[in-house]
Number of protein chains: 4
Amino acid sequence: MTAGHRLGPPLDGPAPELVESGFHLENADAPLLHAGLNLADLAHVLDLRGRGVIPVEPARRLLALLLETHGTAPEDFPYDPAYGEPYNSRERFFTEQIGDDAGWLHAGRPRREAVRIALRLHLRGQITELVDRAAQLADTLALSAAEHSRSWLPDQTYLQHAQPSTYGHYLLSFAYPVLRDTRRLVDALAWTNTSPGGAGCVNGSRLLDDRRPVASMLGFDGVIEHTRDAMWQTDGLVDVLAAAASLVGTQSKLAEDLEIWASSEFDYVTVADGFSRSSVLMPQKRNPYALSIIRGASGTLIGRLSGFLAVIKSPSARSDNLIYAYGEVPRALDLALRTTRLTDGVIRTLQVNTARMWSALENGFCQATDLAEYVMQTCDLDYRTAYQVVGVAVRKANAAGLRGIDIDGAMLDEAALEQAGRSVGLTGTDLTDVLDPRHIVETRTATGGAAPPVVEQMAQDCRDQAQQLRALAQGRREGFHAAERDLLSTARALAAGQGQEITA
Amino acid sequence: MTAGHRLGPPLDGPAPELVESGFHLENADAPLLHAGLNLADLAHVLDLRGRGVIPVEPARRLLALLLETHGTAPEDFPYDPAYGEPYNSRERFFTEQIGDDAGWLHAGRPRREAVRIALRLHLRGQITELVDRAAQLADTLALSAAEHSRSWLPDQTYLQHAQPSTYGHYLLSFAYPVLRDTRRLVDALAWTNTSPGGAGCVNGSRLLDDRRPVASMLGFDGVIEHTRDAMWQTDGLVDVLAAAASLVGTQSKLAEDLEIWASSEFDYVTVADGFSRSSVLMPQKRNPYALSIIRGASGTLIGRLSGFLAVIKSPSARSDNLIYAYGEVPRALDLALRTTRLTDGVIRTLQVNTARMWSALENGFCQATDLAEYVMQTCDLDYRTAYQVVGVAVRKANAAGLRGIDIDGAMLDEAALEQAGRSVGLTGTDLTDVLDPRHIVETRTATGGAAPPVVEQMAQDCRDQAQQLRALAQGRREGFHAAERDLLSTARALAAGQGQEITA
Amino acid sequence: MTAGHRLGPPLDGPAPELVESGFHLENADAPLLHAGLNLADLAHVLDLRGRGVIPVEPARRLLALLLETHGTAPEDFPYDPAYGEPYNSRERFFTEQIGDDAGWLHAGRPRREAVRIALRLHLRGQITELVDRAAQLADTLALSAAEHSRSWLPDQTYLQHAQPSTYGHYLLSFAYPVLRDTRRLVDALAWTNTSPGGAGCVNGSRLLDDRRPVASMLGFDGVIEHTRDAMWQTDGLVDVLAAAASLVGTQSKLAEDLEIWASSEFDYVTVADGFSRSSVLMPQKRNPYALSIIRGASGTLIGRLSGFLAVIKSPSARSDNLIYAYGEVPRALDLALRTTRLTDGVIRTLQVNTARMWSALENGFCQATDLAEYVMQTCDLDYRTAYQVVGVAVRKANAAGLRGIDIDGAMLDEAALEQAGRSVGLTGTDLTDVLDPRHIVETRTATGGAAPPVVEQMAQDCRDQAQQLRALAQGRREGFHAAERDLLSTARALAAGQGQEITA
Amino acid sequence: MTAGHRLGPPLDGPAPELVESGFHLENADAPLLHAGLNLADLAHVLDLRGRGVIPVEPARRLLALLLETHGTAPEDFPYDPAYGEPYNSRERFFTEQIGDDAGWLHAGRPRREAVRIALRLHLRGQITELVDRAAQLADTLALSAAEHSRSWLPDQTYLQHAQPSTYGHYLLSFAYPVLRDTRRLVDALAWTNTSPGGAGCVNGSRLLDDRRPVASMLGFDGVIEHTRDAMWQTDGLVDVLAAAASLVGTQSKLAEDLEIWASSEFDYVTVADGFSRSSVLMPQKRNPYALSIIRGASGTLIGRLSGFLAVIKSPSARSDNLIYAYGEVPRALDLALRTTRLTDGVIRTLQVNTARMWSALENGFCQATDLAEYVMQTCDLDYRTAYQVVGVAVRKANAAGLRGIDIDGAMLDEAALEQAGRSVGLTGTDLTDVLDPRHIVETRTATGGAAPPVVEQMAQDCRDQAQQLRALAQGRREGFHAAERDLLSTARALAAGQGQEITA
């Protein structure tokens with residue numbers, strides 16, 4: 001420490017450049033943090049009072065003022081970048097209202113503790129809501145899947161017809177990753193709902209020898225043990241952003257598929273009017289606008305995650321790590337929330353053009369694999385050879401304007417002669433079942449296959465899981481509300497001079 | 001096209017899920033696009049009127065209404081997600097005001113053309129401003145560099161003392177990349193300030209056989225030739241985001257350096273009060289808060305760029321490509337603008353503790369390279385061997401509590417004996433000049449070196465370039481304002497029935 | 001500088017953990033840098049010799065050894081992480097071969113200067129090649145566009161039929177952004193091909209008072225002025241990665257479109273056999289595999305850019321900035337190079353199913369906008385009303401199984417009665433031209449429109465630009481080769497004792 | 001399906017552009033997948049044989065050939081892009097060796113199933129190893145933390161001295177996030193170690209009615225239920241990349257801190273020789289090179305994650321989703337593995353200069369907060385006022401060249417008089433304990449605080465957790481090896497005609 005090193009609060013006010021950048025940015029997040037800051041302050045005052053750190057009268061005045069502030073909408077509170085970040089505006093307002101009594105609020109706690117708590121209170125609400133909506137989406141997907149367990153569809157890879165399946169089996173393949181990411185969000189919620197309170201600057205506070213009361217009053221599941229970690233941890237924010245990006249990424253895949261299928265060329269599905277938009281120029285247009293919104297949200301969230309990771313690539317205990325998180329993470333989750341509800345609505349109202357799907361399947365060659373397997377099993381050919389034989393037959397049928405279901409044993413014999421040098425004796429054999437795409441689907445009875453009963457059972461399982469997750473979300477939500485109600489009620493009683501004092 | 005494929009505008013209104021997602025998102029961008037939409041609409045009406053497409057009376061009413069709208073702040077205009085995206089709100093309001101006459105506005109132009117133009121009008125203002133501020137930053141850096149051409153400093157790699165230099169030479173190394181990125185922004189401005197007008201849906205419009213009048217009225221430098229490209233190009237947005245991310249990245253590097261140098265251990269610099277912030281807990285604290293803000297902005301912009309690239313990873317002619325750009329790109333540039341001005345302020349007001357820098361240099365061993373070169377040149381040793389000899393001398397001097405300038409010929413002879421097996425005959429030689437870090441800096445006279453006159457000349461060159469760029473920005477700004485004034489004045493005259501009609 | 005601070009080269013060898021991480025990573029890049037390191041070393045020795053810094057005999061031995069090394073493939077050179085990064089392996093090998101004479105190589109130059117030069121020599125070759133291939137792609141696109149100026153196509157937005165166009169006009173919309181990104185690469189090449197040589201550690205070198213000879217010998221366009229900037233600049237790498245990501249992003253959009261159009265439902269195009277792949281399971285499959293590769297390359301390059309931006313978010317003058325660039329940037333450009341050639345091949349060999357495209361256009365309602373404009377212009381209706389009238393007619397026609405070209409005046413009158421409350425007097429009017437999609441395309445004669453002659457002229461312009469860019473690339477390539485040949489020839493002569501000495 | 005739509009395997013060989021791009025890229029990953037492909041093929045043949053699909057003799061020949069291949073290093077196997085991706089090279093080689101018998105391998109399984117399995121087998125090994133190394137790092141951090149529970153340190157925010165702490169408390173703050181990310185990796189391992197086997201193309205296979213035998217033979221924990229999900233899921237890859245990026249991000253923060261602390265100005269720590277590197281130019285240099293490597297790895301991994309997210313932003317069931325994952329994800333994990341071991345080595349060997357840390361603490365003002373709290377508690381002042389009083393005293397002491405521990409009661413009284421208008425009666429009070437930073441640290445006894453016994457207890461807890469995680473990794477590793485051994489042994493027996501047949 002050199003003698004010349006400047007210490008202590010700045011003597012001059014903030015430069016305009018700082019007001020217009022840092023303080024402007026932080027104040028833009030005040031609406032997100034306002035409620036949580038009030039709750040954090042209330043709990044802190046109650047905790048200090050419970051330990052006898054604050055005398056009773058200042059505590060009452062502070063609590064009354066904080067309760068009034070909690071009843072004030074953030075846009076009506078004098079947050080103003082000219083005074084610094086939101087905490088500074090609060091401090092200034094509190095001092096204007098009750099003078100030096102406001103000064104007790106800062107005992108044993110840096111500003112960042114209050115804001116960290118406010119962020120977590122905001123995020124736990126958002127994550128709980130996202131668990132709920134994501135589970136709702138899984139439920140919607142599974143419900144529709146069950147309804148369409150017999151809506152025959154040519155499943156595609158590379159957008160080329162691959163094998164016979166159903167729209168139900170197809171759709172259900174999105175419910176599973178949605179459920180997995182929902183469970184990751186439940187884990188992220190556990191990380192979020194822990195208390196950094198009582199960490200002091202970073203090493204703990206002499207004034208607060210028990211960190212549990214604040215945690216408990218705020219409805220946290222517990223205390224983040226190490227105080228420096230408690231102040232600066234960001235890994236859970238990476239986790240929640242990654243889970244949200246993955247969750248919306250799954251929705252983007254589905255939206256891209258549906259956009260293709262909603263073309264007049266495919267016409268497999270029709271997006272409902274409420275999720276479409278007209279052109280102001282082209283009278284015939286009816287655009288599946290909602291699908292664009294879902295896809296763009298996915299790209300945007302990828303950027304939010306990589307941006308946050310770049311922000312936290314810094315030394316430790318640097319404020320930018322979390323200053324930028326205050327707005328970026330809630331806004332990213334807000335986008336994920338709106339998008340997830342949108343996807344749910346799209347699927348719930350989607351018109352599935354089953355006749356078109358069936359027509360595409362009936363007119364194609366999706367049964368080729370099963371046919372090759374049949375040839376392998378009945379004609380003493382290895383699979384590769386059987387595949388080549390069927391390949392020849394398919395090509396010829398296609399060139400002749402025939403469909404897969406039109407292939408017969410004679411054509412296979414001819415192909416085998418050409419490809420393998422010998423007939424395989426299928427002329428005259430009845431291949432109806434082998435070639436019928438519906439029959440093929442019904443053979444897929446192993447775990448997770450496309451057979452309708454298998455799909456229906458999986459759909460039910462998914463719905464059960466979704467319901468459990470929604471119940472979990474509901475339980476957490478109620479717990480948070482109850483804690484908040486209790487905190488406000490304790491504060492009101494104490495402010496009114498009636499309350500039982502909290503003691504550590 | 002199958003008979004069943006649904007065509008035409010949706011019959012139902014938008015679903016609440018869509019209002020709360022897509023339409024909510026787009027309306028949040030209305031304040032950014034409002035002015036540009038008005039100008040785009042005015043130019044379009046004037047153009048249609050000039051061709052005789054719109055009859056004179058509807059044209060007057062439309063122009064009057066649009067001029068009134070242009071005088072209305074976006075927050076006072078009835079933008080409302082319930083009616084769709086902002087263009088829909090406008091259409092609805094215009095129809096309420098003047099009935100069917102409003103319907104002429106849509107002739108020959110999709111909504112996206114208006115919004116694309118509005119985006120470009122907004123961006124050209126921002127990019128011009130960013131060119132100006134970035135050039136101002138380069139000027140500030142160069143000015144300070146010139147003032148500190150003799151502020152001796154141990155330059156560092158790996159944060160270890162490397163060679164003698166000056167704060168001026170150090171600081172000037174940031175002016176060059178700032179100027180390069182500024183020139184990239186000038187290129188991006190050229191891309192931005194071209195007109196997509198008259199592209200029709202995508203293939204041109206039958207009604208508009210000359211695309212130049214709209215371009216000219218709006219102050220664009222020209223027309224984007226290919227109409228589909230005109231509607232959908234995004235490469236210039238990638239370019240401007242990359243240049244902005246790189247520009248702020250340079251500032252982040254400087255901010256990280258200064259944060260380290262502002263520590264009490266280094267104490268090389270002191271960030272001015274106006275860019276610092278106190279702690280509310282710790283009375284001794286005085287935090288260089290502005291530096292955190294700069295660094296965090298850099299990370300955030302990395303995410304904005306990667307997010308936008310992910311958004312545009314989609315098929316062609318998909319609306320999400322640009323719907324998300326409407327808000328993301330302007331907000332990213334806004335962050336770059338605020339940050340660049342902040343960095344400028346930090347540098348302009350920074351206190352440079354030259355005594356501390358000199359002390360660090362004087363007490364270290366930064367002259368070791370020059371000493372090894374001297375040994376090589378005077379003692380008939382290859383560089384590697386001379387380096388090893390000096391290495392031994394440095395180690396011993398350091399262990400003995402001596403400084404680099406305390407090394408003498410005898411110590412080198414001793415080291416040479418140990419390392420190379422022979423004395424090098426330097427005992428008694430006067431090494432004062434060889435060892436004096438100031439003298440060493442003065443030998444760096446080749447292009448771009450640290451010698452004070454070289455630094456001063458480079459600083460002047462940078463300032464000249466910065467001035468030219470600022471003048472260019474000023475010229476562009478005035479040109480844009482003039483075009484806008486002329487457009488409004490033409491519209492006012494025509495609305496009032498006095499105007500000379502524009503003819504194509 | 002405290003007495004205890006450790007100075008001088010490490011006394012112990014590298015830890016295994018370091019060998020397996022940092023040194024392993026850097027050695028993996030040796031094949032990319034080997035040639036450039038040899039050239040950089042040769043030029044440095046010639047420069048030192050030209051100034052008389054190195055005596056003549058050691059210079060000859062060093063040159064001979066470096067020439068031999070230049071003739072050795074990197075995989076045959078003893079690069080080994082156990083000895084450090086590649087420069088260390090070189091130093092070790094050179095000392096083994098010629099003893100202390102090798103020690104002259106290090107005079108006046110840090111290792112990083114050699115590697116920075118090697119990186120730039122490698123990159124300039126890659127960027128030149130990428131300019132060439134990208135211009136080739138633009139040429140291929142334009143050539144095919146010209147051939148298909150009358151291949152009628154329903155252009156799409158949201159993948160819904162929008163307006164009549166041609167495959168030629170569509171395809172050409174990709175040539176423009178490719179050309180723009182190619183020009184950005186030309187700018188990036190100018191940045192790349194400048195010399196950091198002679199920057200010393202960072203502040204210049206006392207030994208090298210003219211930095212131009214090294215630059216000239218290596219074929220650089222000039223010297224990077226500021227020496228600290230010369231050592232550490234990264235902005236040009238961001239620029240080239242952004243241009244490459246944007247360039248491949250354009251290709252990805254095209255690939256996604258083609259994947260959709262190659263489906264059996266669209267069947268607009270057929271990817272050539274050489275760019276397709278079979279399934280080993282499904283005999284009917286023929287997958288447009290090349291399109292997947294292009295799209296995945298786009299995503300990968302987005303990550304390379306954002307990763308590099310995250311790497312350089314660090315303080316200044318930190319080695320990781322460029323250590324990671326040595327491999328990441330060349331590998332990213334290699335991916336861009338391979339992908340760009342692939343896209344070129346796909347387009348060059350693509351089968352365009354013009355009959356299918358026309359059929360889709362003929363059976364749809366793409367003429368609706370032109371019809372509404374016709375109604376507006378002939379029936380004294382504002383556009384919005386005309387649009388609504390046509391909207392009703394389209395809906396009814398579609399429901400009746402009719403096509404757009406089947407709409408007649410009576411249907412419009414009926415729609416107008418229903419929508420606008422009055423007939424518009426079109427019954428009996430001949431609408432053939434108004435409704436014919438081919439005729440509509442031919443009206444798009446304004447700048448950049450879809451009219452065949454306009455497309456053909458634009459295609460020719462694009463081809464001309466592409467040719468100029470290819471010629472530029474060819475010129476640069478030859479210049480680089482000539483400089484290299486001259487350098488090697490000078491070195492050979494001097495090594496053989498015959499050469500004219502270079503003098504500064 | 002139009003008659004013209006081309007079906008069946010391509011008739012021509014691959015174009016050179018495809019060989020040099022897609023096939024080149026995929027073959028570059030063959031060494032990563034070779035072992036897993038062999039195991040997947042062996043299990044598939046055993047499963048087919050167990051069901052009687054393959055006759056016994058072809059099965060024996062196939063197994064013998066696959067076992068031989070498993071004994072061949074990948075660089076000795078004829079993988080060659082000219083033949084397609086690696087699976088094609090295998091197919092070609094197998095057919096060359098045993099003719100049509102090789103054709104049975106493809107029954108019931110697309111190529112992608114084999115490669116998906118191979119990827120998971122490779123990843124499970126890497127993730128297990130990363131769990132082990134990350135837990136080892138946590139253990140090393142905790143061990144060193146315990147040793148340094150009384151190594152006094154001024155903890156910093158904004159790199160400004162904040163409060164008295166210890167190096168032990170500081171270091172331990174990194175163990176916690178490392179442990180959390182390690183547990184996330186354990187979750188990711190559970191996702192990874194599930195079997196996609198038996199999914200057929202996407203909808204299940206008729207031939208394989210029980211998917212458990214393959215899963216069991218390969219040591220998977222179970223079967224991924226839904227077959228389409230099984231083939232295409234990517235969420236777990238996002239999860240593992242995010243956890244790895246976060247894990248290395250934590251290491252990067254630590255590395256950045258240490259780089260600063262290793263400067264001569266701080267000199268808090270000295271990086272061991274084995275993790276340092278010399279300069280070839282500057283004899284005095286000793287660079288903490290390892291720290292640069294760690295930081296750069298963090299940035300690189302951010303790019304790998306965002307790149308992968310961009311790749312998978314595509315429609316569903318597109319091959320690029322996973323083709324690019326085959327190389328990108330293993331290489332990203334390899335970088336995380338090498339880096340984590342490197343960080344472990346750096347910390348294990350780091351020299352902690354406790355005297356320097358204490359000196360910095362002793363000479364500064366870190367006790368200011370505790371002093372203000374003391375004033376608040378003893379002098380009947382609110383915290384804000386007490387803070388201001390202490391602020392004045394600190395400023396004055398600093399200006400007078402005094403240290404925090406030199407402040408006395410008289411100075412506080414004087415400050416109170418100036419700031420609050422009254423003395424606070426502290427003149428003559430003994431403030432020794434209040435001001436002693438060591439004493440202050442010892443008061444931080446609440447959960448997670450810096451008091452030495454608290455740190456020691458937390459360190460022990462972390463070590464216990466780390467040991468459990470290492471044991472878990474060891475258990476998984478052994479399980480995987482055992483399954484592999486059993487599979488090979490079964491295959492060998494059957495190939496030799498001695499084996500008990502597997503039955504489904």
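Order of the sequence lines sets the chain letters (A, B, ...), proteins ahead of strands, with each chain counted from 1.
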Exercise for review: Measure C:Leu208 against the heavy atoms of chain B and call it side chain, backbone, both or neither at under 4.5 Å.
Suggested key: backbone
Review point. Quick one: what part of B:Arg211 sits under 4.5 Å from any heavy atom of chain C, side chain, backbone, both or neither?
Key: side chain
**Study point:** Region of B:Gln377 in contact with chain C, defined by heavy-atom distances below 4.5 Å
**Key:** side chain
Practice item. Compare all side-chain heavy atoms of C:Asp382 with those of B:His106 and state whether any distance is below 4.5 angstrom. Key: no
Revision key, fill the gap. The interface call for C:Asp155 against chain B, heavy-atom contacts under 4.5 Å, is side chain
**Study point:** chain C interface, residue from B:Arg112, B:Gln156, B:Arg206, B:Glu362 that has the most non-hydrogen pairs under 4.5 Å
**Key:** B:Arg206
Check your understanding: Where is the tightest heavy-atom contact between B:Ser314 and C:Lys253, given as atom of each residue plus distance?
Key -> O-CG, 3.1 Å
Practice item. Would you indicate whether the side-chain heavy atoms of C:Asp229 and B:Pro177 approach each other to under 4.5 Å? Key: yes
Review point. Measuring heavy-atom distances to chain B, does C:Arg212 have an atom under 4.5 Å in its side chain, in its backbone, in both, or in neither?
Key: neither
Check your understanding: Would you call B:Val53 and C:Met376 a side-chain contact if the rule is heavy atoms closer than 4.5 Å?
Key -> yes
Practice item. Identify which part of B:Val454 has an atom lying under 4.5 Å from any heavy atom of chain C, answering side chain, backbone, both or neither. Key: neither
Check your understanding: Less than 4.5 Å apart, any side-chain heavy atom of C:Asp187 and any of B:Arg183?
Key -> no
Check your understanding: Out of B:Glu256, B:Arg228, B:Arg384, which one racks up the most heavy-atom pairs below 4.5 Å with chain C?
Key -> B:Arg228
**Study point:** C:Pro164 versus chain B, the contacting section by heavy-atom distance below 4.5 Å
**Key:** backbone
Revision key, fill the gap. When the 4.5 angstrom heavy-atom criterion is applied to B:Arg295 and chain C, the contacting part is both
Study note, to complete from the structure: Applying a strict 4.5 Å limit to non-hydrogen atoms, the region of B:Phe174 in contact with chain C is side chain
Point to revise | Portion of B:Asp181 that has a non-hydrogen atom of chain C nearer than 4.5 angstrom | key: side chain
Review point. At a heavy-atom separation under 4.5 Å, does C:Asn321 approach chain B through its side chain, its backbone, both, or neither?
Key: side chain
Review point. If you count heavy-atom pairs under 4.5 Å with chain C, which of B:Ala451, B:Ala255, B:Gly449 comes out on top?
Key: B:Gly449
Practice item. With rounding to the nearest 0.5 Å, note down the distance linking CE in B:Met458 to CD in C:Glu225. Key: 6.0 Å
Review point. Heavy-atom distance under 4.5 Å to chain C: side chain of B:Thr369, backbone, both or neither?
Key: neither
Review point. How far apart are the closest heavy atoms of C:Ser298 and B:Lys313, and which atoms are they?
Key: OG-CD, 4.0 Å
Point to revise | Contact winner vs chain B - C:His169, C:Glu259, C:Arg403, heavy-atom pairs under 4.5 Å | key: C:His169
Point to revise | Student check: side-chain heavy atoms of B:Thr227 and C:Arg444 closer than 4.5 Å | key: no
**Study point:** chain C contact via B:Leu381 - side chain, backbone, both or neither, heavy atoms under 4.5 Å
**Key:** backbone
Check your understanding: Where on B:Leu301 is there a heavy atom nearer than 4.5 Å to chain C: the side chain, the backbone, both, or neither?
Key -> neither
**Study point:** Contacting region of C:Thr95 [heavy-atom separation from chain B under 4.5 Å]
**Key:** neither
Exercise for review: For each of B:Arg318, B:Gln388, B:Arg395, tally heavy-atom pairs with chain C at distances under 4.5 Å, and name the one with the top tally.
Suggested key: B:Arg395
Check your understanding: Side chain, backbone, both or neither: which part of B:Gln160 has an atom under 4.5 Å from a heavy atom of chain C?
Key -> side chain
Check your understanding: Given a strict heavy-atom distance threshold of 4.5 Å, which part of B:Arg184 is in contact with chain C: side chain, backbone, both, or neither?
Key -> side chain
Review point. Do B:Gln233 and C:Tyr176 come within less than 4.5 Å of each other through their side chains, counting heavy atoms only?
Key: no
**Study point:** Counterpart residues, salt bridge (Lys or Arg N to Asp or Glu O under 4.0 Å), relative to C:Asp461 (two or more places apart)
**Key:** none
Review point. Considering residues at least two apart in sequence or located in another chain, which fulfil the side chain to side chain contact (heavy atoms under 4.5 Å, CB included) criterion with C:Ala162?
Key: A:Met282, A:Lys285, B:Cys201, C:Thr157
Review point. Given a strict heavy-atom distance threshold of 4.5 Å, which part of C:Thr445 is in contact with chain B: side chain, backbone, both, or neither?
Key: neither
Check your understanding: Are any of the side-chain heavy atoms of C:Pro9 and B:Tyr387 separated by less than 4.5 Å?
Key -> yes
Check your understanding: Is it the side chain or the backbone of B:Ile312 that comes within 4.5 Å of chain C heavy atoms, both, or neither?
Key -> both
Check your understanding: Do you know the tightest heavy-atom contact between B:Gly204 and C:Gln163?
Key -> O-OE1, 4.4 Å
Revision key, fill the gap. When the 4.5 angstrom heavy-atom criterion is applied to B:Glu91 and chain C, the contacting part is side chain
Point to revise | Donor on one side chain, acceptor on other, C:Asp257 and B:Ser316, under 3.5 Å | key: yes
Review point. For chain C, which of B:Ile302, B:Thr443, B:Val238 has the most heavy-atom pairs under 4.5 Å?
Key: B:Ile302
Exercise for review: Could you check if a side-chain atom of B:Arg180 sits within less than 4.5 angstrom of a side-chain atom of C:Asp239, using non-hydrogen atoms only?
Suggested key: no
Check your understanding: Between B:Pro154, B:Ala245, B:Ser306, B:Ser205, which shows the greatest number of heavy-atom pairs under 4.5 Å with chain C?
Key -> B:Ser205
Check your understanding: Checking heavy atoms, do the side chain of B:Val202, its backbone, both or neither come under 4.5 Å from chain C?
Key -> both
Exercise for review: Measure distances from C:Leu309 to the heavy atoms of chain B and classify the residue's part below 4.5 Å as side chain, backbone, both or neither.
Suggested key: both
